[in-house]
Structure formats: structure tokens, C-alpha cells
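Notes for the one structure printed next.
Treat the numbers as computed from the prediction; the structure is a model and nothing was measured.
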Amino acid sequence: MIRARVVVASNRAASGVYEDTSGPLLVAGLRELGCAVDEPVVVPDGDPVGQALLAALEDGVDVVLTSGGTGINPTDRTPEVTRAVLDYEIPGIAEAIRAHSRPTVPAAALSRGLAGVLGRMLVVNLPGSTGGARDGLAVLRPILPHAVDQLRGGDHQR
């Protein structure tokens, strides 16, 4: 079974200004894929995101999807904080998510989200919108089991 975690990077949701909607959507989508996942962890954008990623690694999580903090707003720092803790990036995943979204949401080109590996854990930054969450799940659905298998040392599927 794939162990997953959703980390929502939102200053406003973390301070109680509004209730996040993308995190629960991601949790539901991961559960539909057969993942074991708890409710979303909501943190302010910035360093708390990196701390949440390191905590997930320590907890033995296989996949972390972050939601939010990937735009060009001055407070959007999720990609920088994520990059600082990753061992290496997997640019094709982030590119595929942006490409999937661009035909219907031209502003998807502004997303700076990235994907990569921390230890043996896959990390994928997604936009904070529900549409961005759905698009991320659509791209991840066919590749997630294989990616996790590879990170666990599995052989290539034939």
C-alpha cells in the first residue's frame, strides 16, 4: 500500500481566515487510488512546508502532494522550500501537470510547482486551487504506482 500525505501551504488557511478545499479533494483522490492517507496538514507557506516534508520522510511516507504556494505572488515560496530539501527533481511530472492544465487554464503556465525525490519519497507541488488539485491527480493517476515501486527499488514494468 502507498502511504501518502497532503500538505497544504496556505497562510490564510493556516491562520483560520478560510477553510482550504484543495486538501480534502487531494485526500479523497489519493484514497480512490488506494493510498493510505490522513487528513491534510495545513501550514503557512515557507519554511513550515519544508519542515512538513521532512516530517513526512521521517514518518515513512511514500508520496507527499503539496497544495498551494506555487504561483508568482511574493509570498509563494513552496517551490524554493521544496527544492532545498529534495535530493533530485523529476521535471517531467511538473511539466506534465502544467501541460494538462494549460488548455483550459492559461494561467497554469505561471505555476512554479516542481516534483522530485526526498530520500525514497516522491514530492509533488500542486497549485492551491481545486482545479489544480484535480489536474494533478489526473496526471499522477497512471504513474503513481510505478513511481513508488521504482523508489522502493522495483524493476521497470514490461
Charged N-O contact under 4.0 Å between [X] and [Y]:
X: Arg3; Y: Asp59; answer: no
X: Arg77; Y: Asp47; answer: yes
X: Arg31; Y: Glu39; answer: yes

I need the [X] [atom1] to [Y] [atom2] distance, nearest 0.5 Å.
X: His100; Y: Arg134; atom1: NE2; atom2: CZ; answer: 11.0 Å
X: Leu110; Y: Ile72; atom1: CG; atom2: CD1; answer: 4.5 Å
X: Arg102; Y: Ser111; atom1: CZ; atom2: OG; answer: 10.0 Å
X: Glu32; Y: Leu137; atom1: CD; atom2: CG; answer: 8.0 Å
X: Asn73; Y: Arg112; atom1: CG; atom2: CZ; answer: 9.5 Å

Would you call [X] and [Y] a side-chain contact if the rule is heavy atoms closer than 4.5 Å?
X: Thr78; Y: Leu114; answer: no
X: Val124; Y: Leu122; answer: yes
X: Asp45; Y: Asp76; answer: yes
X: Val41; Y: Val8; answer: no
X: Cys35; Y: Leu144; answer: yes
X: Ser67; Y: Pro127; answer: no
X: Val6; Y: Leu30; answer: yes
X: Arg152; Y: Asp62; answer: yes

Gln150 (side chain) donor-acceptor with Asp155 (main chain) under 3.5 angstrom: yes
Say whether [X] and [Y] are linked into one hydrophobic cluster, either directly or through other cluster members, by side-chain heavy-atom distances under 4.5 angstrom.
X: Ile143; Y: Leu118; answer: no
X: Ile93; Y: Val85; answer: no
X: Leu126; Y: Leu53; answer: no
X: Val27; Y: Val61; answer: no
X: Val43; Y: Leu25; answer: no

Step-by-step side-chain contact (heavy atoms from CB on, under 4.5 Å) determination, Leu151 to Val117: CA-CA 9 Å; Leu151 289 170; Val117 174; 3.7 Å; yes
Derivation of the side-chain contact (heavy atoms from CB on, under 4.5 Å) call for Leu65 and Leu140: CA-CA 10 Å; Leu65 303 183; Leu140 292 170; 3.5 Å; yes
Taking every non-hydrogen atom, the tightest pair across Pro40 and Gly23: CG-C, 3.5 Å
Ala36 versus Met1, closest heavy-atom pair with distance: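 Of all heavy-atom pairs spanning Ala36 and Met1, the closest is CB-SD, 3.3 Å.
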Donor-acceptor side-chain pairing of Thr82 and Asn125 below 3.5 angstrom: yes
Distance-only side-chain donor-acceptor flag, Ser10 / Asp20, under 3.5 Å: no
Residue that, paired with Met121, satisfies side-chain contact (heavy atoms from CB on, under 4.5 Å) out of Leu86, Val64, Asp87: Val64
